[in-house]
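First the structure, in the form of structure tokens, and then the observations on it.
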2 protein chains.
Amino acid sequence: MPKQTFLNLPEEKRAAFLNIALEEFAGNEYNSASITKIVEKAGIAKGSVYQYFRDKQDLFLYLVDVSNQAMMGFIQQTPPPDSSADFFQTLRWQMSATVLAAQQFPVHARLLRRAYSSPLPFQDEVFEKARQVRDQHFQALVAQAQSAGQLDSRYRPEMVVFVVQSLMGELGNFLQNKFKDHPGDWVGSPEVDATFDEVIEILKSGLA
Amino acid sequence: MPKQTFLNLPEEKRAAFLNIALEEFAGNEYNSASITKIVEKAGIAKGSVYQYFRDKQDLFLYLVDVSNQAMMGFIQQTPPPDSSADFFQTLRWQMSATVLAAQQFPVHARLLRRAYSSPLPFQDEVFEKARQVRDQHFQALVAQAQSAGQLDSRYRPEMVVFVVQSLMGELGNFLQNKFKDHPGDWVGSPEVDATFDEVIEILKSGLA
DNA sequence: ATAAAATATGACTAATCAGTCACATGACCA
DNA sequence: TGGTCATGTGACTGATTAGTCATATTTTAT
């Protein structure tokens with residue numbers, strides 16, 4: 001977590017530094033991300049970074065936190081499906097919200113993908129806890145859906161969670177790749193909506 | 001590709017070097033993998049590496065190639081399903097073979113995961129071609145299955161490929177994580193077989 | 001035995017890195 | 001004005017990196 005010094009910074013300066021640091025850690029592996037490059041781009045002295053944060057790891061974990069809050073904040077703003085929504089409608093909403101959030105905060109999203117997809121060169125308790133919370137969210141969703149009879153109860157919950165999480169995780173990549181020539185303007189396009197619908201339909205009814 | 005000098009090396013020395021290099025690149029990001037550490041472990045001079053390979057990138061791409069061949073070779077050894085097998089039986093066989101190969105060659109598999117999952121700090125034509133070949137293999141499989149009526153033709157082939165590839169890609173991780181306390185001996189266990197069956201069944205019939 | 005070709009070596013270069021610290025500059029209050 | 005505290009600074013340390021190259025050793029052919 002940042003030191004008080006960082007929080008005391010004028011909004012403008014703090015935001016500028018944050019954006020540059022986010023960009024660096026979103027674009028490079030933890031070990032390759034360079035504090036030196038960040039301070040050069042930000043036009044500040046290297047020592048300043050260590051007035052703001054304990055070390056590189058502290059800065060990185062803060063950036064993860066900031067990114068998480070940005071994404072979560074956005075997701076919670078999107079209107080949730082009404083309470084009568086079934087498992088698949090809820091999933092569809094979550095898919096859409098997650099991808100839209102990644103559209104709105106592409107740098108934050110890239111940073112989070114990096115942070116969660118490949119193992120970090122250090123252990124962090126808080127970070128691991130966040131992972132578990134995300135897992136338990138899905139576990140609960142699945143368990144509830146199964147007891148409500150919306151989900152085939154032959155399947156073990158952990159397998160359902162695996163399938164759903166795999167697809168959700170890769171979908172962002174897939175869309176980004178698919179629309180990489182149409183920067184940004186595919187946010188709520190029918191094409192994307194159709195993709196969501198198709199994935200949900202496959203999950204619901206199967207391929208056969 | 002390695003220089004002739006490397007290929008002239010006595011089998012024993014070559015294999016020892018390869019294993020140490022594979023381990024280093026499987027365990028570290030490309031930028032963090034250290035030639036210096038490799039030569040220290042191998043007990044050879046640093047200059048020797050540059051008698052064997054043009055540079056770090058050349059070595060890395062060769063290791064990817066070696067890993068690919070090891071995995072492919074193993075997969076092709078496993079008895080293929082008979083020619084009357086449908087799409088899902090073929091998929092099931094490919095799943096099993098891939099995971100078994102990752103069991104037999106865990107280091108190679110880790111290296112390949114790293115190479116294909118996160119973007120490399122350089123571009124390589126050969127590498128990209130290999131990616132496309134893998135994609136086209138699935139495309140063909142899906143197209144054939146759809147025209148044979150084994151696959152719901154409502155779905156766009158690219159979406160089916162996306163779903164199947166996402167699950168196949170994550171399944172290795174999932175199993176590794178699930179059995180991380182039972183090193184190695186879950187190779188052909190009923191537990192694993194059941195997992196394959198369940199994933200295939202979900203794909204086939206859906207979750208509802 | 002001798003010459004030539006192939007291979008092995010490790011000290012060295014130039015670059016980069018995270019992190020430190022003595023000092024400078026600024027703000028704020030008495 | 002003088003004093004205290006927060007903030008900013010950038011040269012510096014020690015470690016590490018990929019890659020080079022003149023030299024040494026070994027192998028091969030004559």
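As the structure is a computational prediction, the values presented were derived from the model and not from experiment. Below, read A as the first sequence line, B as the second, and so on, with proteins coming before strands; counting in each chain starts at 1.
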Original post:
Salt bridge check: are Lys37(A) and Glu23(A) linked by an N-O gap of less than 4.0 Å?
Top reply: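 A salt bridge is absent here (no side-chain N lies under 4.0 Å from a carboxylate O).
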Original post:
So, Arg131(B) and Asp124(B), do they make that salt bridge, N to O below 4.0 Å?
Top reply: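 A salt bridge is absent here (no side-chain N lies under 4.0 Å from a carboxylate O).
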**OP:** At the 4.0 Å heavy-atom cut-off to chain B, mark where contacts on DNA chain C begin and end, going 5' to 3'.
**Re:**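 It runs dT7(C) to dG10(C).
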Original post:
What is the distance from CD of Glu40(A) to C1' of dT9(D), rounded to the nearest Å?
Top reply: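 The answer, rounded to whole Å, is 15 Å.
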Subject >> Nearest heavy atoms of Ser32(B) and Glu24(B), plus distance in Å >> reply: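 Reported closest heavy-atom pair: O-OE2, 4.1 Å.
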Subject >> Heavy-atom closest contact (Phe196(A) atom, Ser96(A) atom, distance) >> reply: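 For Phe196(A) and Ser96(A), the tightest heavy-atom pair comes out as CE1-CA, 3.6 Å.
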When we call it a touch if two heavy atoms are under 4.0 Å apart, what does [X] touch: a base, just sugar-phosphate, or nothing?
X: Lys3(B); result: nothing
X: Lys37(B); result: sugar-phosphate
X: Ile38(B); result: nothing

**OP:** Return the orientation label for the Phe17(A) and Phe53(A) ring planes: parallel under 30°, perpendicular over 60°, tilted otherwise.
**Re:**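 Correct class here is parallel.
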Original post:
Do the side-chain N or O atoms of Thr5(A) get closer than 4.0 angstrom to the phosphate oxygens (OP1, OP2) of dA6(D)?
Top reply: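 No.
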Enumerate donor-acceptor pairs with a distance under 3.5 Å from any side-chain N or O in residues 63-81 of chain A to protein atoms, sequence neighbours excluded.
| from | atom 1 | to | atom 2 | distance (Å) |
| --- | --- | --- | --- | --- |
| Ser67(A) | OG | Leu63(A) | O | 2.9 |
| Asn68(A) | ND2 | Tyr116(A) | OH | 3.3 |
| Thr78(A) | OG1 | Ile75(A) | O | 2.9 |
| Thr78(A) | OG1 | Trp93(A) | NE1 | 3.4 |

**OP:** Pull out every residue in residues 46-64 of chain B that has a heavy atom closer than 4.0 Å to any atom of DNA chain C, ordered by number, or say none.
**Re:**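 Those residues are Lys46(B), Gly47(B), Ser48(B), Gln51(B), Tyr52(B).
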Original post:
Should we count CD of Gln4(A) as having more than 12 external heavy atoms under 6.0 Å?
Top reply: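 Correct, the count exceeds 12.
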Subject >> cation_pi(Lys56(A), Tyr50(A)) dist<6.0 Å, angle<=45 >> reply: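 No, Lys56(A) does not lie over the aromatic ring of Tyr50(A).
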**OP:** Nearest-nucleotide wise, let me know which of Ala45(B) and Tyr30(A) is further upstream toward the 5' end of DNA chain C.
**Re:**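 Going by which nucleotide is closer to the 5' end, it is Ala45(B).
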